Amino acid sequence: MSKPVRNILWTGGFDSTFRVCQILAESSDVIQPHYLVDETRESTGEEIRAMSRIRAMAQQLWSETSDRLLPTEYAPARGAPIPDDIRRAFKTIYSHKDIGTQYPWLAGYARRLERPLELGIQGGGRIEKTLGPHVHHGKLEATGKTEFDHAIWTLFEPFRFPIMHLSKTDMMQIADENGFRSIMQETWFCHQPRTGKPCGRCAPCKYAIEQGMGWRIPFLRRIQHRSFWEGLASKRRTSC
């Protein structure tokens, strides 16, 4: 009997890597990673190197990894035209909610894949606040008849959201329980790396600081962000 195959968008980032490791640790399912190459993104090389390191570490932790973590399928991010209905759906949503501009071409790829594609979207973020009311048990469900509801369905129906109920803290606790914290420390998140290190200025770096993950950014770059000083002030008030 063949094992179930999970198709996952893997970027070498925290959330998608957590999902890869969670499946390896808690099930016998096979993982088919997908990576969309965005030639305009400065972090592409760092992300691919991170995935290579993580794959090697996973092999040491779970001996069957070579059989269950399949070779990554690479595709150009903008390799095919975005379907008109997906483009219209994104415009409708974007006029009301601030969501990432990557979702139209991700949705186009997922539709062409013709298999559910898991996205590593954690709980508590902007996209979770938009999608949360429409997602049940990790799957999008039709929840209304408005133009906005229809747009949500059109853009996000090809995806699955298995970790949307988890925070970064939840994920680290699960990583500790299953012995893969060291792998999580090898994940990559910065979009504009400088000399191979996180820049401390891009949106993912700022979000990492706000989520209490600022230790992953060099100190002199970390202190450029207001969240560093707000956190420091909060600790001082608490200690008084």
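Small disclaimer: the values here were computed from a predicted structure and weren't measured.
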List the steps, then state whether side-chain contact (heavy atoms from CB on, under 4.5 Å) holds for V30 with L69.
-> CA-CA 6 Å; V30 174; L69 182 55; over 6 Å; no

Pair T154-R88, side-chain donor/acceptor within less than 3.5 Å = no

Establish, from distance only, whether the side-chain atoms of W188 and S43 form a donor-acceptor pair under 3.5 Å.
-> no

Look at the aromatic rings of H96 and F148 and report parallel, tilted or perpendicular, splitting at 30° and 60°.
-> perpendicular

Is the Y109 ring parallel, tilted or perpendicular to the H34 ring (thresholds 30°, 60°)?
-> perpendicular

Gap between atom OH of Y35 and atom CD of E47 - 0.5 Å precision | 3.5 Å

Salt bridge between D98 and R126, side-chain N to carboxylate O under 4.0 Å?
-> yes

Quick one: do R181 and D176 make a salt bridge, cutoff under 4.0 Å?
-> yes

Flag yes if more than 12 heavy atoms outside E147 fall under 6.0 Å of its CD atom; otherwise flag no.
-> no

Apply the test side-chain contact (heavy atoms from CB on, under 4.5 Å) to residues H191 and E42: give CA-CA distance (whole Å), side-chain angles for both, the deciding distance (0.1 Å), then the verdict.
-> CA-CA 6 Å; H191 283 178; E42 298 176 41; over 6 Å; no

Please find out if less than 6.0 Å separates the ring center of F156 from that of Y103.
-> yes

Taking the side chain as everything from C-beta on, heavy atoms only, tell me whether [X] gets closer than 4.5 Å to [Y].
| X | Y | answer |
| --- | --- | --- |
| I99 | L155 | yes |
| Q122 | M171 | yes |
| H134 | F161 | no |
| S16 | T11 | yes |

